[in-house]
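To start, the structure itself, in structure tokens.
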Amino acid sequence: MSSPSAIGFFDSGVGGFSVLRHALDAVGGAPLLYVADSAFAPYGARSAAEVLQRSRLITRFLLEQGAEAIVVACNTATAMAVEGLRSEFEVPIIGMEPAIKPAAQVTRSASVAVLATSGTLASDRYARLRSDHGRQIEVHERICRHWVEAVEEGDLDSPRVFDLVNAELAPLHQLGVDTYVLGCTHFPFLAPAIRAVVGEGVNLVDPGPAVIGQLRRRLGLLPAQTPSASPVRLYTSGSPAQLQRHAQRLIGLSAPCHPLST
Ligand code: DGL
């Protein structure tokens, strides 16, 4: 059997680890390459043109390293750049978007909140998603300011983080929201802080597993295939030592990390 082709992942920083973690033993041992564009994070504060330019450079870099499929492990980059990437590159490009559709299926109060960056929420893609799947429910949107920066700093559970989460979510909880769409890949790492504010009884919808399910289908992997660990290589436009520490802390991953040369 020929060895499986590498798969490239990228995000503005460490958020994409919340997607990568579901691929570690789920893609038949294919090597996984991960780029954290930390020197340019957060993407949510950048223009669509800048995010498209970074996404193109990184995709080209990942293809040069041997990737034969790309996972845009970032809602913001998907919203701003996935169409441009698909028109330029021929490999499969898997994007991600706020999981309104699954949220609409699990909410009992018919009241859902989408937590995302301003870039994602302002995009045409998001407007289409909302009008396709959010008609029968009440959809609240929150730009969760400074959450991405906190995760990038490795701050997941300090009093400052609790205050940031409380400021956004306590009013939604009061309104009866019972389902929170984690519409930014950094946010699953804040799940304990989110639960501390809104309680254990609510749904937190993380699209990471579904994205890897879609990747597996695109790669033609069989549902019954046995788990097989993938080697991982990390790259960053920021500090390699810091990214390695984050990989260990956030997803228990120990992998070599190189500077991103684009
Ligand atoms: N993790 C990203 C997302 O899913 C981007 C956050 C940012 O850089 O603003 O949207």
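In listed order, ligands and their atoms are each counted from 1.
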* Asked: How far is atom 5 (C) of ligand 1 from its nearest protein heavy atom, and which residue and atom name does that atom have?
  -> Cys74 SG, 3.4 Å
Report all side-chain donor-acceptor pairs from residues 98-110 shorter than 3.5 Å, counting only partners two or more places apart or in another chain.
unit_1 : atom_1 : unit_2 : atom_2 : d
Thr107 : OG1    : Ser109 : N      : 3.3
Thr107 : OG1    : Ala110 : N      : 3.0
Thr107 : OG1    : Ser111 : N      : 3.3
Thr107 : OG1    : Asp178 : OD1    : 2.6
Arg108 : NH2    : Gly201 : O      : 3.4
Ser109 : OG     : Ser111 : N      : 3.4
Ser109 : OG     : Gly176 : O      : 2.9
Ser109 : OG     : Asp178 : OD1    : 3.2

* Contact atoms of ligand 1, heavy-atom distance to Ser12 under 4.0 Å -> 5 (C), 6 (C), 7 (C), 8 (O)
* Hey, which atoms in ligand 1 end up nearer than 4.0 Å to a heavy atom of Gly44? -> 7 (C), 8 (O), 9 (O)
* Asked: For ligand 1, is any non-hydrogen atom under 4.0 Å from Ala41's backbone (N, CA, C, O), its side chain (CB onward), both, or neither?
  -> neither
* **Any donor-acceptor N/O pair, Asp11 side chain to Gly16 backbone, under 3.5 Å** => yes
* Asked: Identify the closest protein heavy atom to atom 7 (C) of ligand 1: which residue and atom is it, and at what distance?
  -> Tyr43 N, 3.3 Å
* Could you tell me whether the side chain of Ser118 and the main chain of Gly44 form a donor-acceptor pair under 3.5 Å? => yes
* To do: Identify, for atom 10 (O) of ligand 1, the protein heavy atom at the shortest distance, and state residue, atom and that distance.
  => Thr76 OG1, 2.6 Å
* For Ser5 and Glu68, indicate whether the former's side chain and the latter's backbone hold a donor-acceptor pair under 3.5 Å. => no
* Ring centres under 6.0 angstrom apart (Tyr34, Tyr235) -> no
* Indicate, as side chain, backbone, both or neither, the part of Thr117 found under 4.0 angstrom from ligand 1 when only non-hydrogen atoms are considered. => side chain
